[in-house]
Asker: 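One structure coming up, written as structure tokens, with questions to follow.
Note that these values count all heavy atoms, side chains included, but never hydrogens, waters or copies made by symmetry. Chain identifiers are assigned alphabetically (A, B, ...) following the order of the sequence lines, protein sequences preceding nucleic acid strands; residue numbering begins at 1 within each chain.
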Amino acid sequence: MNIKMMGGVEIHQRLATDEKLFCSCSAQPKDGKPVGEIVRKQRAVAGELGEVDLAALHEYSRDRTYRYQIFPKTTCLVELDEEPPHPMNRDALETVIEVCLLLGSRVVDEVQVMRKTVIDGSNTAGFQRTAIVGLGGSIQTSKGEVGIQTICLEEESSGIVGEKDGEVTYRLDRLGIPLIEIATCPDVKDGEHAREVVEKLGNIVRITGKVQRGIGTIRQDLNISISKSGASEGARVEIKGVQELGLIGKIVEREVARQAKLLEEGKGLESEVRRALSDGETEYMRPMPGSARLYPETDVPPIKISREWVEEIRKKLPEKPEDRREKLVEELKIGEELAKKIMLSKNYPLFEKVVNELKIEPKLVAATLEETIVSLRREGAPVDNLNENKLMELFIEYKCGKFVKAAIPEVLRDVSRNPTQSISHSVEKLKLEKMSEAELRRIVEEKRKAGKSGKSLIEEMMREHRLRVDMKELSALV
Amino acid sequence: MYSKKIQDMLASLGVEVGDKLRVKSKGDIYEGILMPKAELGDPNTLVIKLSNGYAVGLNFEGAAIERLGGHTEIGFKSREAKMKHVEGKSTISILSTGGTVASRVDYTTGGVYASYNASDLVSTVPELGQFNINSKFLFGIMSEDMTPEHWREIAKGVLKELKSDAEGVVVTHGTDTMHFTTAALSFMLKNLNKPIVLTGSQRSSDRGSSDSFINLLCAAHFASKSDVAEVSLVMHGSPNDDFCYAHRGTKVRKLHTSKRDAFKSVNDDPIAKVFPNGKIELVNKNYRKRSDSEVSLDDKLEEKVALIKVYPGINPEIFDFYLEKKFRGFVIEGTGLGHVPTTIEKDSLIPKIKEATKAGIPVCITSQCIFGRVHEFVYANLRKEFEAGAIFCGDMLPEVAYVKLMHVLAHSKNMEEAKKMMLTNIAGELNERTPVFE
């Protein structure tokens, strides 16, 4: 049997705004214990066109009770569905427009916020607020162009805590965090290709520098259908909640095989939603929701996107990931490995600033930001205290010759533990000031008198004074 | 509404809202259903619902529109209003007056509007199938638009149902002024024999999370089987979907703009806790019981009554407007124990109270504190107010005093009689004793 696969991917990425999409709660949930709880029920209701959505009915038939945990700073009456939504967060909308422009999508003229019925309880309102911001566009891949269908801005759902005896518990801290959703056309050829597309889209959203990082901040769904050559298209199956990039290939291949087997056995293919499991298998979740699940969110007025605003955003647009990588490797001579780390890092704007304004060797800046700090974090130093100002101060002092490269980890470790202390104070306290030329000369002279010279002199110097001596200066002198 | 330009163009193409269209705009092609324009959107932007269910706004300028086959009727399909009665089931009446509980998105205006009838509500709450339901659609308005005329109409409707085979009557109503209506019904309907239950919702019934389902169900249970022959208000008792409180219609107030449990009993305990499974837990044993008494309607009201809130800087001259317009009564929401500006001559309301009282126009004092009772003797200024002729209304809520004064003025011959009636408990609005625990 000649099986043809049609596949599309959807990525969901949390945006790094200060506030949530429709309220002023913090959009950066912190771990911690809930301070309270509410208990709710939900029902299937008719949608905008008067139909009850099939997916909604399916959940209702399960008659479950939902418990919602309340957290300080990230939960207000809006998350509890006890207060209407506030106006849409502009920063979030701006970031989505930015991504639309990077993907060559058409930005709509007026954003219509919709309610998407979801009564698995993951939203207290019984629906998720979502809006199309962009349509169309494409990315280039190793297997040809992959079209973009829609780019949406939507609310993150509540996080599931557990399910027991027909009661599902959710945490409300992440409900309402702005989420960008990018859905591709069915141009994905196979599992490997799906992985590439997901990676490329992830790079595009990350290059804006305005997305959240870490576990759970990005998720992808896969849409897969197959058809026998010549026959009509099969049924679309959506696989939700793929968290690990490495599993995408496997999941796609297994799903194609599952559908092919059903076809072979002469069984019909059902359009359905399946859940990705951690071993690459999938399980049935619910029937495919229809378009009846979307109706207008009348509490949020439509938002006009003026051409002027779009052009403003276009002017500040970051370069595309491939262009940035090329610049880092070819122009700035940063190795492939390090370039990969810094190009999508949240530190990239600082990197650019330091390199452009202070003219410090790019490789050193990138290594400090992406490697030194990471290894300090691993050893337990409170590196979150090293904010942009502190790091800028470090590079300025370095540029002024206060200390040498090798001293950077020591200084950063000390300052992270004493964040109110200045960089120069730390350098002095640790006695890490760069050796003056006179002193360097004097010590080298002494070593020469003791019979050292050339390579062995340099080696001994570095052994004894590594943290205070600039290698280049030393070799020039010797 | 779409702009005149768009409307004209659509008319010339014979396109109506709900038609399937192909729109070419800036080289891109969009296909979908033409949606009505929300009142808040840009009137020059076409709203198209795509096949994936999303709507997008597209600039009309330079767009080419083509009509494809197909038309979708937009809006909610109302159910058949008649429902068969089954023997053995308890019968209740549900009167629909509008409000959020009966609301859906209105696509012509983009707002939430009261639109569907009681039988539609039943279809959204299948559990109501355990009752035989007489469903009547009185009107469909939001409660901020209610007037004394609407109270009369509701009272007449309720009276008719009380005389039917129904065990009790449920009235669905907008929440904003529901407590005015419960007070009005409490004074207008005499010798009550069955429960009259008003209910509504804070979230429209077109959303899965609406509080209307549980409110309606609890209201139906309370009307069907409770022994409370009073006008009560049944709404969520907590932010959870666990139970409702049945509040006395003259001792309840909306105290939150948007929360599910916005209604609280004030200066009284709620009458009962009502659970969606039909369980009723009495909280307050002081209520009028079911009987075979002959109910009567007395819907005379004097509508020229003003409710005035006191605030720092209030200009006494506002009373002149009402006096000139021949208003026949005042309810003042005083500060604290019932104070009005007294000491500074030019700001004092005391001369106005004297003037009104002298002309036979009662001035009733309540408190904007909402909770607690007013007192005429605690401070010298209160005593001056009292001496000027003001009637201190105990623990009566300002809104209830306002409705009661309308009723009283339509039934009293003189000031003395009006005063006596205001200070006599008619429908649970006055408590001599304030309970310690809520």
Side-chain angles (χ1 to χ4, degrees), chain A residues 37-50 56 59-60 65-66 77 80-84 106 108-119 123-127 130-133 135-136 149-150 152 183 289-299 301-305 307, chain B residues 25-28 30 33 35 37-42 44-47 49-60 72-77 104-107 109-112 123-126 202-210 213-214 238-242 256-261 276:
Chain A
E37 183 179 87
I38 56 163
V39 185
R40 294 271 170 79
K41 290 271 187 185
Q42 288 186 10
R43 298 176 176 248
V45 287
E48 175 185 23
L49 300 173
E59 284 299 330
Y60 174 53
T65 298
Y66 304 109
L77 288 186
L80 263 56
D81 188 41
E82 290 276 53
E83 184 176 300
R106 154 89 191 265
V108 300
D109 299 310
E110 194 177 62
V111 174
Q112 309 281 328
V113 181
M114 310 292 288
R115 296 174 173 178
K116 187 194 268 182
T117 311
V118 272
I119 60 165
N123 198 313
T124 46
F127 51 76
T130 173
I132 287 186
V133 178
L135 290 157
Q149 229 159 35
T150 53
C152 293
S291 58
R293 70 200 294 225
L294 279 143
Y295 63 110
E297 167 53 279
T298 44
D299 296 342
I303 303 141
K304 186 150 177 80
I305 299 182
R307 290 302 109 187
Chain B
S25 166
K26 294 176 197 157
D28 297 312
Y30 306 93
I33 298 166
M35 296 304 286
K37 187 76 210 180
E39 56 200 349
L40 290 164
D42 173 9
N44 278 312
T45 307
L46 284 175
V47 181
K49 190 177 171 81
L50 307 173
S51 61
N52 61 9
Y54 279 92
V56 294
L58 301 170
N59 265 350
F60 171 65
T72 307
E73 216 43 70
I74 291 165
F76 184 77
K77 298 173 192 85
R104 302 190 51 81
V105 170
D106 182 301
Y107 299 102
T109 57
V112 175
S123 72
T124 64
V125 189
Q202 291 280 75
R203 298 285 170 286
S204 57
S205 303
D206 60 3
R207 41 202 285 182
S209 59
S210 173
F213 314 119
I214 285 173
S238 79
N240 305 320
D241 285 330
D242 46 2
H256 198 278
T257 57
S258 57
K259 283 180 74 182
R260 286 164 173 73
D261 59 343

Asker: Taking atom CZ of A:R43 and atom OG of B:S210, what is their separation to the nearest 0.5 Å?
Answerer: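 Here the interatomic distance stands at 9.5 Å.
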
Asker: So which part of B:S25 gets closer than 4.5 Å to some heavy atom of chain A, the side chain, the backbone, both or neither?
Answerer: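 Both the backbone and the side chain of B:S25 come within 4.5 Å of chain A.
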
Asker: Under a 4.5 Å heavy-atom cut-off, does chain A meet the side chain of B:D28, its backbone, both or neither?
Answerer: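 Just the side chain, heavy atoms under 4.5 Å.
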
Asker: Please identify, among A:P84, A:P301, A:G136, the residue contributing the most non-hydrogen atom pairs under 4.5 Å to chain B.
Answerer: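 Option with the top pair count is A:P301.
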
Asker: For A:V108, is it the side chain, the backbone, both, or neither that has a heavy atom closer than 4.5 Å to a heavy atom of chain B?
Answerer: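 For A:V108, backbone and side chain are both near chain B.
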
Asker: Would you mind checking which part of A:I132 comes under 4.5 Å of any heavy atom in chain B, side chain (CB onward), backbone (N, CA, C, O), both or neither?
Answerer: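 When you check distances to chain B, atoms from both the backbone and side chain of A:I132 fall under 4.5 Å.
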
Asker: To the nearest 0.5 Å, what is the distance between CG on B:D42 and CD1 on A:I305?
Answerer: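 Atom-to-atom, B:D42:CG and A:I305:CD1 are 12.5 Å apart.
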
Asker: Is there a side-chain contact between B:F213 and A:Q42 (heavy atoms, below 4.5 Å)?
Answerer: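 No - every pair of side-chain heavy atoms lies 4.5 Å or more apart.
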
Asker: Under 4.5 Å between any side-chain heavy atoms of A:P296 and B:K49, yes or no?
Answerer: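 When only atoms from C-beta onward are counted, B:K49 and A:P296 do not touch, as no gap falls below 4.5 Å.
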
Asker: Tell me whether B:R203 contacts the main-chain N or O of A:D81 through its side chain, where contact means a donor paired with an acceptor under 3.5 Å.
Answerer: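 The answer is yes, because a donor-acceptor pair under 3.5 Å joins these two groups.
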
Asker: Is there a side-chain contact between B:D261 and A:E82 in this structure, where contact means two heavy atoms from C-beta onward sitting under 4.5 Å apart?
Answerer: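 They are in contact (side-chain heavy atoms under 4.5 Å apart), so the answer is yes.
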
Asker: A side-chain contact here means heavy atoms from C-beta on lying under 4.5 Å apart; do B:L50 and A:L135 qualify?
Answerer: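 Contact flag for B:L50/A:L135 side chains = yes.
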
Asker: Got A:V39 and B:D242 here, is their nearest side-chain heavy-atom distance under 4.5 Å?
Answerer: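 A side-chain contact under 4.5 Å is absent here.
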
Asker: Side chains of B:R207 and A:Y295: is there a donor and an acceptor less than 3.5 Å apart?
Answerer: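 Short answer, no.
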
Asker: Heavy-atom distance under 4.5 Å between the side chains of B:F60 and A:D109, does that happen here?
Answerer: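 Sidechains of A:D109 and B:F60: no contact.
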
Asker: Taking the side chain as everything from C-beta on, heavy atoms only, tell me whether A:T150 gets closer than 4.5 Å to B:Y54.
Answerer: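 Contact flag for A:T150/B:Y54 side chains = no.
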
Asker: Check whether any side-chain heavy atom of B:V56 sits under 4.5 Å from a side-chain heavy atom of A:E110, and report yes or no.
Answerer: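 B:V56 does not reach A:E110 side chain to side chain.
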
Asker: With B:D241, which residues qualify under side chain to side chain contact (heavy atoms under 4.5 Å, CB included), at least two apart?
Answerer: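 With sequence neighbours excluded, B:D241 shows a side chain to side chain contact (heavy atoms under 4.5 Å, CB included) to A:R40, A:K41, B:I214, B:H236, B:R260, given in chain and number order.
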
Asker: Could you report the tightest heavy-atom contact between B:P239 and A:I38, atom names first, then the distance?
Answerer: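 The answer is CB-CG2, 4.0 Å.
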
Asker: In Å, rounded to the nearest 0.5 Å, how long is the span from CD of A:Q149 to CG of B:N52?
Answerer: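 If we round to the nearest 0.5 Å, A:Q149:CD and B:N52:CG are 7.5 Å apart.
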
